[in-house]
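Chain identifiers are assigned alphabetically (A, B, ...) following the order of the sequence lines, protein sequences preceding nucleic acid strands; residue numbering begins at 1 within each chain. Owing to the predicted nature of the structure, the values given are computational and were not obtained by experimental measurement. Hydrogens, waters and symmetry mates are skipped; everything else that's a heavy atom, side chains included, is used.
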2 protein chains.
Amino acid sequence: MTTLSQLPLPPDAGGAQALATTLAHAILSGKWASGETFPRERDLCEHFSASRNRVRNALAELSGSGLIERTAGRGTVVRDIEDWHLLDPQMSEWMAGLEAPHPQLVREVFAFRLSAEPFVSELAALAATGQDLARIESALVGMCDSAADPARREEHADHDVAFHDAIYRASHNLVWRQMGLLLRPSIVALIQHSHHQAGSLDDSLERHRQVFDAIRLRDPEAARDATERVLARTAADLGVEHGTRPLTRPASLPD
Amino acid sequence: MTTLSQLPLPPDAGGAQALATTLAHAILSGKWASGETFPRERDLCEHFSASRNRVRNALAELSGSGLIERTAGRGTVVRDIEDWHLLDPQMSEWMAGLEAPHPQLVREVFAFRLSAEPFVSELAALAATGQDLARIESALVGMCDSAADPARREEHADHDVAFHDAIYRASHNLVWRQMGLLLRPSIVALIQHSHHQAGSLDDSLERHRQVFDAIRLRDPEAARDATERVLARTAADLGVEHGTRPLTRPASLPD
DNA sequence: ACTATACGAAATGTCTGACATTTATTCCAG
DNA sequence: CTGGAATAAATGTCAGACATTTCGTATAGT
């Protein structure tokens, strides 16, 4: 839709970054189709009653994350979802702040986790230091602690993210570590969609603890299996199945 | 080193992005230690004879990639390498343009490839479309074509990157696809370090072709094995070994 | 002597208005 | 109908002033 700037969003009073967040959320929500021209700077200035400077800084952030492409004389166009920098931490923040996450993105990110995270757990089991273990355990304790009260869902999600992020960290590879930031959107989406599932929490906590135990005992195989079980439950809760095709890795049967 | 702005780099005449590249290269080369204060805007303006606007835009890019952190009143400090956004495509470009890449980064990126890429090849063997195959083959032909002439090293590197990138694309997952952009630096580094190795090119081409054949025949296991062989040769050329520990993934033997 | 408050220097953040540059369109001559 | 120059519209850049945050310092009070 060539949605005019009027419809999508109310004005904003925060700094430049707040404006960027507002616009990013609009794009992530699919307000503009790929290839469509974005509103001009002038109009954005007017609509948000912001200086051109703030608008330009905000647009620069969007451009830096691959959401839009700006060329002098032509204007600003929204880029295809394939060109978005999904691994940009800022992007993860934007996605996590979205109330209704882009369905395709959630599926894609989760499919990635499904394939990669068991392997990361293997690495963690081999490379984790005492500090790493402490971090993982601390997150686990936080999850258990905030599990009872349904009013502390947000806190619980934070600890959940911290748990998995700590595992990525424990791989002791900078690249894998960066990917831990991808988790937040998918976990937040999970929490939102599965809150009505009763009693699944105890089960989830138990599975998480098994991952921790396996890593603590330096048992890569067990860590991989336990992580697969955690993700399998999550996949079921999210209704994701293992979307396209391969669950984790085809041992020997191609089809 | 509290290297003054004098020493590191000659002035620049390009746009704002060019300046960002210059500064990024300086940081990636380790001219400033982590936590150290970066030169003030004023000094950068003077040294590069650039307007404050360009300097600010450049610094904003660096900040967006996690290289620096700016806070009003305090100044600009260089962030720790652990906080750099290695998966930001811009970062890959900067690293690729560096004549002497950061040794730790090359090792980390390659360690990541070593662990992940065989798996990506499995995915590609399962999900590749005809178009994907065409893309991979085209890159392979380009590699063969430019292999003979040592003066076309750059072109050869481009085709090499295109080959591996096409495989990441063929996984048909947006997250893995984004990671294909990580390859350029490590491949460029490889080309620079292995140009004196005679006769290794034919061998390398043959291994690449085997990867392609396996994907074309929809054989995930063969694709994984072939990719492992490609990377093993690359690792040997780079002198990386498989640094920390795990080569690809312990099928059943933990050690 | 020590603490607490107030002041001021120094850095980044923001606003404003003008001008430069690139791109697509339009209009006119050939 | 085609080619090219003028024009309009968008983003990119510059310059200067002002606002805001932070830290150090001086000063007064206890």
Check: By side-chain contact (heavy atoms from CB on, under 4.5 Å), which residues pair with B:Arg52, not counting sequence neighbours?
Finding: B:Glu41, B:Cys45, B:Arg56

Next item on the list: With sequence neighbours excluded, tell me which residues meet side-chain contact (heavy atoms from CB on, under 4.5 Å) with A:Ala157.
Entry: A:Ile191

Checklist line | Pairs touching residues 158-172 of chain B that satisfy salt bridge (Lys or Arg N to Asp or Glu O under 4.0 Å), sequence neighbours left out | finding: B:Asp158-B:Arg184

Next item on the list: Using heavy atoms and a sub-4.0 Å distance, could you list which residues of residues 55-66 of chain B are near DNA chain C? By number, please.
Entry: B:Arg56

Checklist line | Summary of side-chain hydrogen bond (donor to acceptor under 3.5 Å, both in side chains) pairs that have at least one residue in residues 127-142 of chain A, sequence neighbours excluded | finding: A:Thr129-A:Asp132, A:Asp132-A:Arg135, A:Asp132-A:His172

Notebook entry, point to check: A:Asn53: what forms a side chain to side chain donor-acceptor pair (under 3.5 Å) with it, not counting sequence neighbours?
Noted result: none

Checklist line | Spacing between B:Asn53 atom CG and C:dC15 atom P, to the nearest angstrom | finding: 13 Å

Next item on the list: Please find the earliest and latest nucleotides of DNA chain D, in the 5' to 3' direction, that have an atom within less than 4.0 Å of any heavy atom of chain B.
Entry: D:dT13 to D:dC23

Next item on the list: Taking only heavy atoms on the protein side, list every residue of residues 68-77 of chain B lying under 4.0 Å from any atom of DNA chain D, sorted numerically.
Entry: B:Ala72, B:Gly73, B:Arg74

Checklist line | Donor-acceptor contact below 3.5 Å, side chain A:Trp176 vs main chain A:Val120 | finding: no

Notebook entry, point to check: Looking at residues at least two apart in the chain, or sitting in another chain, which of them share a ring-ring contact (aromatic ring centres under 6.0 Å, His included) with B:His164?
Noted result: B:His208

Next item on the list: Find the distance B:Glu41:CD to C:dT14:P and express it as a whole number of Å.
Entry: 11 Å

Side-chain atoms of residues 97-106 of chain B: list all donor-acceptor pairs with protein atoms under 3.5 Å, sequence neighbours left out, distances to 0.1 Å.
| from | atom 1 | to | atom 2 | distance (Å) |
| --- | --- | --- | --- | --- |
| B:His102 | ND1 | B:Gln104 | N | 3.4 |

Item checked: Sequence-distant partners of B:Ala50, side-chain contact (heavy atoms from CB on, under 4.5 Å), two or more places apart -> B:Leu19, B:Phe48, B:Arg54, B:Val55

Notebook entry, point to check: Taking N and O atoms by type only, does the side chain of B:Arg52 place a donor or acceptor under 3.5 Å from a partner on the base of C:dG13?
Noted result: yes

Notebook entry, point to check: What residues form a side-chain contact (heavy atoms from CB on, under 4.5 Å) with A:Asp145, not counting sequence neighbours?
Noted result: A:Arg152

Next item on the list: Could you tell me the separation between the CG atom of A:Leu19 and the C1' atom of C:dC15, rounded to a whole number of Å?
Entry: 15 Å

